[in-house]
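Notes follow once the structure below has been shown.
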Amino acid sequence: MVPGVLSFPRGCPYNAPFSPPPSPASRPTQGNAVMRQTLTDLIRSALLQLQREGLLPADAPLEFKPDRPKEKQHGDFAVNAALVLAKPARMKPRDLAERIVAALPPGQRDVERCEIAGPGFINFFMTRDRMRRLIPEILTAGSQWGRSPAGAGRRVQVEFVSANPTGPMHVGHGRGAAMGDVIARLLAACGFQVEKEYYVNDAGAQVKVLGRSILLRYREGFGYPVAMPEECYPGDYVKDWAVTLRNRDGDRWLEASAHATDPSLEPPPEVVEFAIAQALDEIRRDLASLDIHFDSWFSERNLHEQGGIDQAVTLLAQRDLIYEGVLEPPKGKLPEDWEARPQTLFRATRFGDEVDRPLQKSDGSYTYFAADIAYHLNKAQRGFDALINVWGADHGGYVKRVQAALEALTGKTGLLDVKLVQMVNLTRGGKPVRMSKRAGTFVTLREVVEETGSDAVRFWFLTRAGTSQLDFDLELAVSRSYDNPVYYVQYAHARVHSLWRQLKEKGWDLPRETLPGADLSPLEQDEEMGLLRLLGRYPETVEGAALSHEPHHVTYYLLELAAAFHGYYNGCRILEEDSARRTARLALCDAVRQVIANGLALLGVSAPERM
RNA sequence: GCGCCCGUAGCUCAACGGACAGAGCAUCGGCCUUCUAAGCCGGUGGUUGCAGGUUCGAGUCCUGCCGGGCGCACCA
């Protein structure tokens, strides 16, 4: 039993391992990845040949990669081998490229041609037939198309949200929630075993303050005059919880409430317990409305009670990484109450941090950082191969020290990747929605989800890299217009369904299950090839987004695919008289539909059949 | 003062170290009979903040500046 873990309630559907497991794991199983592997093998074989001929030094590392050119004139794949190997070969890149091309094994049916271009790229053009074969591959794989075996079953933990259980979630929490959830889904789709965890800060002073706040509102409910101290939570939700407490317990806490204004007195544990439970209920409900469910809720208090912090500190002490010392004052202007005093410090500077970090407060109790060290040690002890944290950007200053502690305790570097998420600016019709707790214009995540829906919130929150601040327009997010990216992508999906409906109305029967076997040779327009090229990029887009922990790549891809599809639809009649062309085009459209559906599923956004 | 993030078209933002830096919005010019879609097609727009460096190749990596955001003993 792992200390601190409250529960492992729900399984993530994406956590299901591949069945059957890919074999061998290193070989790609899907169309474009197969193409890429084929090209890699081809080039490698040519390079080995050149090595045997003595053109390339035998010890030269054969590093190169097939890349996706941005320009379609540059083919379907571009290989940079000649550029990378020009120096060891002591040749001009273009000359070397010619020798590589000459050494390519003949008889490759899927490659139409290859040409040398630019500074020395070797561009490969796949045959139309190979491109068209993506369609049956996609339709046969269905919802599985785009999954990757890259993770090979490695265990990854994603910790995200972890909002303090002291009140409603705000919009920024929502962005972190969407980010973490989709990172988890992406990794699961790429063969990782993923666990989603919420760290519950239920041990600190702030939950006691919440407990006192509730007591005061509770007392107020009995008609006593109450002055809320500065540090207490003024929100209306506190009053609601106080009412709930009274309904449950009657006047049982009335006496205790008389002292609740005094910060030095502890509120009754039952009341604090109640407060945390209320807050977590609300948080869980908000997350559920975004279809976000955690595998575990990790209690900080539990960590304390189980001695996790003592354990971590002892471990650090055993490695001589702790000492009593005095920190130098911060440079520049001094904080008013700063005074030099001896503290228990962790030698974070040995692991790349700027200064050593205190583990104990002046009263001898542990700092939050000490608990964080213990928490991350606990994660490492649970045997994860990789850890991902999604934090608000205001916590950016803590990344190095936590990574330093983790390295100190595990001896491993790079175990933890912290994704920092910038703030969200709410706008309505382009005008900023001011958010101020004091002015009472604070907008909660719940309000935004209720107004715009889970789809809009999730998709929109993933339209930017986490490092960019994000504007969310409440008006645009619900508009049925092409300016609304959510609508734009979802409508592309619905449009294909609309085509099938119309097909039926026209009495042109076409059983879906015959599509994978359809004759696709009528597909030869540029737009059709362009769509195929895009479809082929989907699996590597998913894999790239997963491995880099950057979900917005998928969002951008879907926008691009939807744009290409809308353009195709506008310029080319799908349901035309010629049944061979009609069938081929419908097959292409259906492949687009499948890929959009898969991509939206990864984002946790619905794919409506009708809009 | 120190650290982290950011600086790309008028605006909001993309771009595993790759080719002539791309989208959307705005703007301008056309079209708007056609698989329901107040939409469609096309054009203009850039010294990637500045200056060096590494590299066959830099928006991307390194150094120094400039500008913006966040954080900065003991709070969480």
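Naming convention: chains lettered A, B, ... in sequence-line order (proteins, then strands); numbering from 1 in each chain. Keep in mind that this is a model prediction, so the values were computed, not measured.
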Within 45° cone and under 6.0 Å: [X] NZ/CZ vs [Y] ring:
| X | Y | answer |
| --- | --- | --- |
| A:Arg113 | A:Phe125 | yes |
| A:Arg68 | A:Phe77 | yes |
| A:Arg593 | A:Trp500 | no |

Which distance, rounded to the nearest 0.5 Å, do you find between the [atom1] of [X] and the [atom2] of [Y]?
| X | Y | atom1 | atom2 | result |
| --- | --- | --- | --- | --- |
| A:Thr40 | A:Leu62 | OG1 | CG | 12.0 Å |
| A:Arg36 | A:Asp76 | CZ | CG | 11.5 Å |
| A:Tyr557 | A:Tyr538 | OH | OH | 8.0 Å |
| A:Tyr198 | A:Ser162 | OH | OG | 6.0 Å |
| A:Asn80 | A:Phe64 | CG | CZ | 8.5 Å |
| A:Gln422 | A:Leu470 | CD | CG | 10.5 Å |

Mind checking if [X] touches a base, just sugar-phosphate, or nothing, with heavy atoms under 4.0 Å?
| X | result |
| --- | --- |
| A:Tyr482 | sugar-phosphate |
| A:Ala117 | base |
| A:Met611 | base |
| A:Arg480 | base |
| A:Asn80 | base |
| A:Pro93 | nothing |

Among [options], the nucleotide that comes nearest once only the side chain of [X] is considered:
| X | options | answer |
| --- | --- | --- |
| A:Ser481 | B:G18, B:G39, B:C40 | B:G39 |
| A:Glu354 | B:U12, B:C6, B:G3 | B:G3 |
| A:Gln206 | B:A76, B:C5, B:C13 | B:A76 |
| A:Gln469 | B:G69, B:G18, B:A76 | B:G69 |
| A:Pro119 | B:C5, B:A19, B:G69 | B:A19 |
| A:Tyr368 | B:A76, B:A73, B:C56 | B:A76 |
| A:Gln343 | B:A76, B:C5, B:C74 | B:C74 |
| A:Glu71 | B:C20, B:C74, B:C5 | B:C20 |
| A:His552 | B:G18, B:A15, B:A76 | B:A15 |
| A:Val84 | B:C74, B:G71, B:G18 | B:G18 |

Rounded to the nearest Å, what distance is computed from the [atom1] atom of residue [X] to the [atom2] atom of nucleotide [N]?
| X | N | atom1 | atom2 | value |
| --- | --- | --- | --- | --- |
| A:Gln422 | B:C13 | CD | P | 11 Å |
| A:His553 | B:A14 | NE2 | P | 9 Å |
| A:Asp483 | B:C13 | CG | C1' | 15 Å |
| A:His395 | B:G3 | NE2 | C1' | 16 Å |
| A:Lys70 | B:G57 | NZ | C1' | 13 Å |
| A:Leu476 | B:A26 | CG | P | 11 Å |
| A:Tyr568 | B:C40 | OH | C1' | 17 Å |
| A:Arg464 | B:A14 | CZ | C1' | 9 Å |

Requested in this report: Would you please test A:His304 and A:Tyr366 for ring pair (Phe, Tyr, Trp, His ring centres under 6.0 Å) and show each step?
Outcome: CA-CA 10 Å; A:His304 283 84; A:Tyr366 288 120; 7.6 Å; no
If the cut-off is 4.0 Å, is [X] near the phosphate of [N], judged by side-chain N/O to OP1 or OP2?
| X | N | answer |
| --- | --- | --- |
| A:Lys400 | B:G3 | no |
| A:Thr463 | B:A14 | no |
| A:His566 | B:G39 | no |
| A:Lys361 | B:A76 | yes |

Query - Any N/O donor-acceptor pair, A:Tyr398 side-chain to B:C75 base, under 3.5 Å - result: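 Check passes, donor-acceptor contact within cut-off.
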Requested in this report: Establish whether the base of B:A19 is bridged to the side chain of A:Asn123 by a donor-acceptor pair shorter than 3.5 Å.
Outcome: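 Answer is yes: a donor-acceptor pair is held.
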Requested in this report: Between A:Leu345 and A:Ala78, just flag the one whose closest nucleotide in RNA chain B comes earlier from the 5' side.
Outcome: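 Result of the comparison: A:Ala78.
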Query raised in the report: Taking for each residue the nucleotide of RNA chain B with the nearest heavy atom, is it A:Arg501 or A:Ala205 whose nucleotide lies nearer the 5' end?
Result: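 Mapping each residue to its closest nucleotide by heavy atoms, the 5'-most match is A:Arg501.
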Query raised in the report: Under a 4.0 Å heavy-atom cut-off, which of residues 574-593 of chain A touch RNA chain B?
Result: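 RNA chain B contact set from residues 574-593 of chain A: A:Ile574, A:Leu575.
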Determine the Euclidean distance between corresponding [atom1] atoms of [M] and [N]; express it in Å to zero decimal places.
| N | M | atom1 | answer |
| --- | --- | --- | --- |
| B:C72 | B:G39 | P | 46 Å |
| B:A38 | B:C50 | P | 43 Å |
| B:G29 | B:C20 | C1' | 25 Å |
| B:C28 | B:C62 | C1' | 43 Å |
| B:G57 | B:G10 | C1' | 32 Å |
| B:G30 | B:G46 | P | 23 Å |
| B:C6 | B:G49 | P | 12 Å |
| B:U47 | B:U8 | C1' | 12 Å |

**Report entry** Non-hydrogen atoms of A:Gly599 and A:Val554 that approach each other most closely
**Finding:**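 What the structure gives for the nearest pair is O-CG1, 4.2 Å.
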Query raised in the report: Does CZ in A:Arg533 sit with more than 12 non-hydrogen atoms of other residues, nucleotides or ligands closer than 6.0 Å?
Result: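 Count over threshold, so yes.
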Query raised in the report: For atom NZ of A:Lys72, is the number of surrounding heavy atoms from other residues, nucleotides or ligands below 6.0 Å larger than 12?
Result: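 Count not over threshold, so no.
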Query raised in the report: Any side-chain heavy-atom pair from A:Leu558 and A:Tyr488 closer than 4.5 angstrom?
Result: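 No, their side chains stay 4.5 Å or more apart.
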Requested in this report: Could you check whether A:His74 and the base of B:A19 form a stacked pair, meaning centres closer than 5.5 Å and planes differing by less than 30°?
Outcome: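 A:His74 ring centre within cut-off of B:A19 base, planes near parallel; stacks.
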Query raised in the report: Which stems, defined as runs of 3 or more consecutive Watson-Crick or G-U wobble pairs with both pairing distances under 3.5 Å, involve RNA chain B?
Result: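 B:1-7 with B:66-72, B:10-13 with B:22-25, B:27-31 with B:39-43, B:49-53 with B:61-65 - these are the stems of 3 or more pairs that involve RNA chain B.
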